[in-house]
There are 2 protein chains.
Amino acid sequence: MQNSDALSLTAALLAAAGELTRRINEGVVARGFEGRPAYGYAFTRLARGGATVTELAAHLGVTKQAASQLVDELVRKGYVERRPHPVDARARLLELTERGRACTRAAEEAAAEVVGEWSELLGEGEVRVLREQLGRIAPHGPVRPVW
Amino acid sequence: MQNSDALSLTAALLAAAGELTRRINEGVVARGFEGRPAYGYAFTRLARGGATVTELAAHLGVTKQAASQLVDELVRKGYVERRPHPVDARARLLELTERGRACTRAAEEAAAEVVGEWSELLGEGEVRVLREQLGRIAPHGPVRPVW
DNA sequence: AAGAGATGGTCAAGCAGATTGACCATCTGC
DNA sequence: GCAGATGGTCAATCTGCTTGACCATCTCTT
């Protein structure tokens, strides 16, 4: 294997990830929600039961201040609520509103649409293999690309 | 296929792309070059003969002003030279310096190192299939992820 | 040959999303 | 019950990018 092939794999990964992210965002917007891709990564964390700002920050790989600003935005747009934490009076439990859950579903639909196209191209089994292999090579990769 | 699986494929793609990008950058730094991941995408364009700022901007998917600022930085650090364009007096031809080419080689080595690990995990053939499939599903994807 | 519009590039100002640093309230362990 | 750790916010700042304005040069049409 040539060294330069390794860079082309990087480019292919970034192209595929970028394309998918872009089209999910488009699909979400087309379904009547406003947002930027970062929302999705917050939603996937919040969807499995609430989280604190600090937990969300860790999930996103940003400071808690940055996560807090994002949450401000999500609250302002009606996707998330800040509720008192049941056992820790310092903390607040972030929870998706009904609209937040609807937006999550819209993202899933949009993603499924694109992946559906890919399945037609490669076959459904191949796409499944792709996901499994990606999971094996970067099980703890960052949720968002570094650059 | 469940809709939610489509999002997990997105996450896996982003994780793998982010991990690879991060490790290439680490490897480049470890080899004595300073930079951020964006450099690499500029280098790959400049490596195949020079380019103008406008062409570089198109390659990177940013405005020509942003590309010009990046080039300022690359020139300041000694990776790139602005030379007069042979046939167009408005334009300038950007070219990698010897140091710029060395940095490109360092990135290729670093990338090959990571991909080598992946080959041990999946097998070399599987990695090649991975690259080909990614190329098929997003042949015109953006060089950098949208978010 | 010349003028109009397109194009390459830069300067300047502003914005968005992130960071660092300081701070307060509350929790936890000795 | 006190000391230190932790959750969260406010404020200031930074970085990378955008938009808008502008000049020099190219290209097309006549």
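Convention: sequence-line order gives letters A, B, ...; per-chain numbering from 1.
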[Y]/[X] salt bridge by N-O under 4.0 Å criterion:
X: Asp72(B); Y: Lys77(B); value: no
X: Arg36(A); Y: Glu73(A); value: yes
X: Arg23(A); Y: Glu117(A); value: yes
X: Glu98(A); Y: Arg105(A); value: yes
X: Glu120(A); Y: Arg136(B); value: no

Pairs: protein N or O with nucleotides 3-6 of chain D N or O, under 3.5 Å:
residue	atom	partner	partner atom	Å
dT6(D)	O2	Arg90(A)	NH1	2.4

Can you check whether Arg82(A) has a side-chain N or O nearer than 4.0 Å to OP1 or OP2 of dG7(D)? no
Would you please confirm or rule out a distance under 4.0 Å between OP1 or OP2 of dG8(C) and any side-chain N or O of Thr52(B)? no
Whole angstrom is fine here: how far is it from [atom1] in [X] over to [atom2] in [N]?
X: Leu56(A); N: dG17(C); atom1: CG; atom2: P; result: 15 Å
X: Leu70(A); N: dA16(C); atom1: CG; atom2: P; result: 15 Å
X: Tyr39(B); N: dT15(D); atom1: OH; atom2: P; result: 12 Å
X: Arg36(A); N: dT18(D); atom1: CZ; atom2: C1'; result: 16 Å
X: Asp88(A); N: dG8(D); atom1: CG; atom2: P; result: 8 Å
X: Gln65(B); N: dG16(D); atom1: CD; atom2: C1'; result: 13 Å
X: Gln69(B); N: dC14(D); atom1: CD; atom2: P; result: 16 Å
X: Lys64(A); N: dA18(C); atom1: NZ; atom2: P; result: 17 Å

Looking at side-chain heavy atoms only, is the closest gap between Leu94(A) and Thr52(A) below 4.5 Å? no
Less than 4.5 Å apart, side chain to side chain, heavy atoms only: is that true for Pro37(B) and Ile24(B)? no
With a non-hydrogen cut-off below 4.0 angstrom, is [X] in contact with a base, only sugar-phosphate, or nothing?
X: Ala66(A); answer: base
X: Ala91(B); answer: sugar-phosphate
X: Ser68(B); answer: sugar-phosphate
X: Thr54(A); answer: sugar-phosphate

Below 3.5 Å is the cut-off: list the nitrogen or oxygen pairs between protein and nucleotides 1-5 of chain C, distance only.
none

When Asp88(A) is tested against each of Arg92(A), Arg90(A), His85(A) for side-chain hydrogen bond (donor to acceptor under 3.5 Å, both in side chains), which residue passes? Arg90(A)
Taking CD in Glu34(A) as the centre, count heavy atoms belonging to other residues, nucleotides or ligands within less than 6.0 Å. Is the count above 12? no
Surrounding CZ of Arg83(B) (heavy atoms of other residues, nucleotides or ligands, distance under 6.0 Å), is the total greater than 12? no
Parallel under 30°, tilted from 30 to 60°, perpendicular over 60°: which one fits the rings of Tyr39(B) and Tyr79(B)? perpendicular
Identify, between Glu73(A) and Asp72(B), the residue whose nearest nucleotide on DNA chain C lies closer to the 5' end. Asp72(B)
When rounded to the nearest 0.5 Å, the distance separating OG1 of Thr10(B) from CZ of Arg131(A) is 10.0 Å
Using C1' atoms of five pairs at each end, report the bend of the helix from dA1(C)-dT30(D) to dC30(C)-dG1(D) rounded to 10 degrees. 30°
